[in-house]
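A quick write-up on the structure given underneath.
For the numbers below, each heavy atom of this structure counts, side chains included, while hydrogens, waters and symmetry mates do not.
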Amino acid sequence: MPFLAILFALLLTWQPARADDSLSVVLGAKTPALMNALNLIAQGAGFYRDEHLSVSKILVDGALEAARTCSSGKGDICPIGVEPLLANYDDGIRLKLFLSRASKFAYVIAVPEDSPVRTLADFKGRKIGVHVITAAASGVFTTRSAPSVAGLKPTDYSFEAIGYEEEAAAALASGKVAGAAFPYYEFIPLMVSGHKFRIFYHPAFKDVPNVGYAASPAVLAAKGDAIGRFSRAIVKASLLIRYNPQAAARAMLSARGAAFTDADVRRVASDLTAWEDDLPASDPANPRIGEIRPADMDRYIQLLTQAGVMKRAIPASEFVTDRFIPAANRFDHE
């Protein structure tokens, strides 16, 4: 083929390098490292790069401030539970979960293994520890709904704020509270280090994820393609934990930007392995990893309303969308 013909053919097929799309993730400043694991792994393993994304981080005071930041358009994506969205709907916060961060209900209630509390009904007359006590706190929301299934009324037990991490662990170990209602992943480092707990999952919604990544309707509309690629990067991160926890741990530590050792890799890999059955890719063969089913969320909202946690039932379609699940899973899971 003549040189000019070859050059012309090359020009027809040449495409300029694709520019990365920018997304911001809004996080609470006190967020435990494991809660941000999927984001960090997606960054450290190069999954964001492969999806042509530039993902930045915005730190705020807590979950409610994160929701307000995303709802106001000052941030794109919030890793958050559905409860703050439900509690603040009438205050104008409008966000939708588009991808789960778990395969199970995130919040559990844990007691020491030698505790006399053996059922949820045994919490009658006892204190349950939560991080903070506010109307929007996920721990308060979820805990009120779980004992209600066991026949307890909100007046049958009380909450006590016990803070985070070491402070919270000390309050539980000392008997200051009978149990603690936290996301499951917060108990993992304690369990891996030898602490033994009796874990109570939500009796009606154990296999229904209630935490995920949320964005405003405006962001979902304007940045839909980028949101789909972000979702795919997160699903890949979850699968990497399942297939190769050592590589996932190394990616997570690399993304945090501080020096680390092989012992650190082993420690984080142990945490991730203990957590993998609760993560989105608990079933790698699932073609819809990351899905939060609106029908399940409608049932949860109904229970919250019946338990008196919500004043009125609002359709789950206001808080959840499965629009991005096909894009999130559009790759070979193996």
Minimum side-chain heavy-atom gap [X]-[Y] below 4.5 Å:
{"X": "F123", "Y": "P147", "answer": "no"}
{"X": "S115", "Y": "F197", "answer": "no"}
{"X": "M310", "Y": "I301", "answer": "yes"}
{"X": "I77", "Y": "V219", "answer": "no"}
{"X": "M252", "Y": "I41", "answer": "yes"}
{"X": "R144", "Y": "P154", "answer": "yes"}
{"X": "V235", "Y": "L99", "answer": "yes"}
{"X": "F324", "Y": "L220", "answer": "yes"}

Among residues two or more places apart or on two chains, list those pairs meeting salt bridge (charged side-chain N to carboxylate O under 4.0 Å, His left out) that have a residue in [range].
{"range": "residues 318-334", "answer": "R288-D322"}
{"range": "residues 191-201", "answer": "none"}
{"range": "residues 89-116", "answer": "D90-R312"}
{"range": "residues 34-48", "answer": "none"}

**OP:** Using the test ring-ring contact (aromatic ring centres under 6.0 Å, His included), find all partners of Y213 that sit at least two apart in sequence or belong to another chain.
**Re:** F230
Go through the structure and list residues passing salt bridge (charged side-chain N to carboxylate O under 4.0 Å, His left out) with [X], not counting sequence neighbours.
{"X": "D271", "value": "none"}
{"X": "R242", "value": "E276, D277"}
{"X": "R118", "value": "none"}
{"X": "D283", "value": "none"}

For [Y], is there any backbone N or O sitting under 3.5 Å from a side-chain donor or acceptor partner on [X]?
{"X": "N329", "Y": "I289", "result": "yes"}
{"X": "S72", "Y": "R68", "result": "yes"}
{"X": "S216", "Y": "S71", "result": "no"}
{"X": "N210", "Y": "A106", "result": "yes"}
{"X": "S54", "Y": "D20", "result": "no"}

Check residues 156-164 and write down every donor-acceptor pair under 3.5 Å in which the side-chain atom is one partner and the other belongs to a residue at least two apart or another chain.
{"residue": "D156", "atom": "OD2", "partner": "K153", "partner atom": "N", "Å": "2.7"}
{"residue": "E160", "atom": "OE1", "partner": "K127", "partner atom": "NZ", "Å": "3.1"}

**OP:** Evaluate the criterion side chain to side chain contact (heavy atoms under 4.5 Å, CB included) for residue pair L27 and I58; output intermediate values, then yes/no.
**Re:** CA-CA 6 Å; L27 297 166; I58 299 173; over 6 Å; no
**OP:** May I ask you to decide if the ring planes of H202 and F205 are parallel, tilted or perpendicular, using 30° and 60° as cut-offs?
**Re:** perpendicular
Original post:
Checking side chain to side chain contact (heavy atoms under 4.5 Å, CB included) for the pair D21/K223: CA distance, chi angles, key distance, verdict?
Top reply: CA-CA 9 Å; D21 290 315; K223 300 186 177 184; over 6 Å; no
Original post:
Between I109 and V117, does a side chain to side chain contact (heavy atoms under 4.5 Å, CB included) hold up when you go through it step by step?
Top reply: CA-CA 11 Å; I109 306 175; V117 175; over 6 Å; no
Subject >> Whether over 12 other heavy atoms sit under 6.0 Å from R126 CZ >> reply: yes
Original post:
Got a sec: does the CG of D61 have more than 12 other heavy atoms crowding it under 6.0 Å?
Top reply: no
**OP:** Could you list the residues that satisfy side-chain contact (heavy atoms from CB on, under 4.5 Å) with Q246, not counting sequence neighbours?
**Re:** N244, V265, R266, A269
**OP:** Could you give me the CA-CA distance, side-chain angles and deciding distance for V208 and R299, then say whether side chain to side chain contact (heavy atoms under 4.5 Å, CB included) is met?
**Re:** CA-CA 10 Å; V208 176; R299 291 194 299 111; 4.0 Å; yes
Subject >> Nearest heavy atoms of A237 and A42, plus distance in Å >> reply: CB-N, 3.9 Å
Subject >> Minimum heavy-atom distance A274-V192, with the two atoms named >> reply: CB-CG2, 4.1 Å
**OP:** Test F105 against every option in Y300, F200, Y201 by the ring pair (Phe, Tyr, Trp, His ring centres under 6.0 Å) rule and name the one that passes.
**Re:** Y300
Extract all donor-acceptor atom pairs below 3.5 Å that involve side chains of residues 176-191 and protein atoms in other chains or at least two apart in sequence.
{"residue": "E186", "atom": "OE1", "partner": "H131", "partner atom": "NE2", "Å": "2.9"}
{"residue": "E186", "atom": "OE2", "partner": "H131", "partner atom": "NE2", "Å": "3.0"}

